[in-house]
Q: 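Pasting a structure here, questions to come.
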Amino acid sequence: NAMRTLVEKTFKPDAESSALFYKKIKPGVTDIEAAAWSDLMYGEILLYSMAKQTIEMVRGENCMSGEYIQTAAAKLARAMILEAELPLPADLS
């Protein structure tokens, strides 16, 4: 199955890598906490890709412009960096 292959070859290694990164910078977190931190990123990606039509029904057609996606990515990055207790880059301060 193509989806299983995609998950095993791409998504799972990326998710595991980001969870390991979080555990490295925040020693003592649980596997669940690391997975939840990693899921912040993947959750937003899945939301915007799978629920685009629903979001447009709520906010209006073409609401998910390039500018909107960039803003959402910046907000997500800021939240993940703050949760990881890392210093914010100047453009996210």
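As a basis for the values below, the full set of heavy atoms in this structure was taken, side chains included, without hydrogen atoms, waters or symmetry mates. Treat the numbers as computed from the prediction; the structure is a model and nothing was measured.
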Q: May I ask you to decide if the ring planes of Trp37 and Tyr22 are parallel, tilted or perpendicular, using 30° and 60° as cut-offs?
A: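 Plane angle under 30°, so parallel.
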
Q: Does Leu47 share a hydrophobic cluster with Tyr68, counting links as ILVMFWY side-chain heavy atoms below 4.5 Å and allowing steps through other members?
A: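 Per the 4.5 Å side-chain linkage, Leu47 and Tyr68 are co-clustered.
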
Q: Quick check against the 3.5 Å criterion: does Glu44 have a side-chain atom that pairs as donor or acceptor with the backbone of Met41?
A: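 No; zero donor-acceptor contacts below 3.5 Å.
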
Q: I need the minimum non-hydrogen distance between Met64 and Ile55, along with the two atoms involved.
A: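 Minimum heavy-atom contact is SD-CG2, 3.9 Å.
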
Q: With no hydrogens and no angle check, is any side-chain donor or acceptor of Ser17 less than 3.5 Å from a backbone partner on Pro13?
A: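 It does not hold such a pair.
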
Q: Look at Lys52 together with Glu56 and state whether they make a salt bridge at an N to O cut-off of under 4.0 Å.
A: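 Here Lys52 pairs with Glu56 in a salt bridge, since their nearest N and O are under 4.0 Å apart.
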
Q: Where is the tightest heavy-atom contact between Ala34 and Ala19, given as atom of each residue plus distance?
A: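 Shortest heavy-atom separation between Ala34 and Ala19 comes out as CB-O, 3.6 Å.
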
Q: Indicate, with yes or no, if Ile81 and Leu40 share a hydrophobic cluster defined by side-chain heavy-atom contacts under 4.5 Å among Ile, Leu, Val, Met, Phe, Trp and Tyr.
A: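 Yes; tracing contacts between hydrophobic side chains, which count when under 4.5 Å, links both residues.
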
Q: Supply the atom-to-atom distance Ile69 CD1 to Leu76 CG, rounded to the nearest 0.5 angstrom.
A: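 Going from the CD1 atom of Ile69 to the CG atom of Leu76 covers 11.0 Å.
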
Q: Cluster question for you: counting only ILVMFWY and a side-chain heavy-atom cut-off of under 4.5 Å, with indirect links fine, are Leu88 and Phe21 together?
A: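 Yes, it is one cluster - the side chains of Leu88 and Phe21 are joined through contacts under 4.5 Å.
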
Q: Verify the cluster assignment for Val7 and Leu46: are they in a single hydrophobic cluster under the rule of side-chain heavy atoms below 4.5 Å apart?
A: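 No; tracing contacts between hydrophobic side chains, which count when under 4.5 Å, never links both residues.
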
Q: Using the side-chain contact (heavy atoms from CB on, under 4.5 Å) criterion, which residues pair with Met57? Sequence neighbours excluded.
A: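 Only Gln53 meet the side-chain contact (heavy atoms from CB on, under 4.5 Å) criterion with Met57.
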
Q: Distance-only, no hydrogens or angles: does the Thr71 side chain make a donor-acceptor pair with backbone N or O of Glu67 under 3.5 Å?
A: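 Answer holds: yes.
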
